[in-house]
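Notes to accompany the following structure.
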Amino acid sequence: MQPLTFLTVASLLAVVLGEVAVFKKCEPAADDICTISEVRITPCKSDKVCKLKKGELHSISFDFVPNFTTQKLKTGVFWANGAVDVPFAELQEADGCQYTTCPTEAGKSQQLNYSLRIGKKLPSGKFQLKWKVWNEENSDQYCCFLSNIRIMK
Ligand SMILES: *[C@@H]1O[C@H](CO)[C@@H](O)[C@H](O)[C@H]1NC(C)=O
Ligand SMILES: *[C@@H]1O[C@H](CO)[C@@H](O)[C@H](O)[C@H]1NC(C)=O
């Protein structure tokens, strides 16, 4: 195969499957309550810190296995920069069932899909994105990951 063809195929695959982003679970989220196996951000444009362009739509999706069952799932995105988590205006305390299957089933892997638009007014730079999914009826039951992103003009 020609190198160019290979690259084309590889980038097409990345678009279809989403680009795997580096993430870690939040502390002190417990593995016996929820495990997250993969986070994909498309486009990502880097393998260590995804670069997200202002004004553009990015699809974020992740696979998780909740060890709890609920009809009332909430989800929210935060900037975790220091002591306080700053809620991201576009997605705070949202109905998680709009983006993943409900009810959740304990022990069953499920996927959450979201299209995130990075507002033009947000500052540029490196941020820690924190994503949470929780049971509205028991906030001890939650899934949470952190991923570094760079916001660019
Ligand atoms: C799910 O939670 C129960 C207790 O609530 C625990 O006994 C079990 O080990 C957990 N399962 C997993 C896969 O962590
Ligand atoms: C998330 O997206 C994938 C791939 O497009 C799709 O197969 C899956 O059904 C979606 N899940 C939900 C809950 O929308």
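Atoms within each ligand, like the ligands themselves, are counted from 1 in listed order.
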Side chain to side chain contact (heavy atoms under 4.5 Å, CB included) between Q128 and S147: does it pass, once the steps are laid out?
CA-CA 6 Å; Q128 198 170 43; S147 186; over 6 Å; no

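- There is a protein heavy atom less than 4.0 angstrom from atom 14 (O) of ligand 1.
- Between F78 and F88, the distance separating the two ring centers is not shorter than 6.0 angstrom.
- Annotation for ligand 2: atoms under 4.0 Å from non-hydrogen atoms of N113 are 1 (C), 2 (O), 3 (C), 8 (C), 10 (C), 11 (N), 12 (C), 14 (O).
- In the model, E90 has a side-chain atom that pairs as donor or acceptor with a side-chain atom of Y114 under 3.5 Å.
- Ring geometry for F62 versus W131: interplanar angle over 60°, hence perpendicular rather than tilted (30 to 60°).
- Per-residue contacts place T100 under 4.0 angstrom from the following atoms of ligand 2 (heavy atoms of the residue considered): 13 (C).
- Near D32, meaning under 4.0 Å from any of its heavy atoms, are these atoms of ligand 1: 1 (C), 2 (O), 10 (C), 14 (O).
- Of the protein's non-hydrogen atoms, Q111 NE2, 4.4 Å is the one closest to atom 4 (C) of ligand 2.
- Protein non-hydrogen atoms do not reach within 4.0 Å of atom 9 (O) of ligand 1.
- Remark: minimum distance from atom 3 (C) of ligand 1 to any protein heavy atom is reached at N67 ND2, 3.7 Å.
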Would Y142 and I33 count as a side chain to side chain contact (heavy atoms under 4.5 Å, CB included) here? Give the steps.
CA-CA 7 Å; Y142 67 96; I33 293 174; 5.7 Å; no

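- With respect to E38 and R40, a salt bridge is recorded, a charged nitrogen being found less than 4.0 Å from a carboxylate O.
- Below 4.0 Å from some heavy atom of Y99 lie the following atoms of ligand 2, by number and element: 13 (C).
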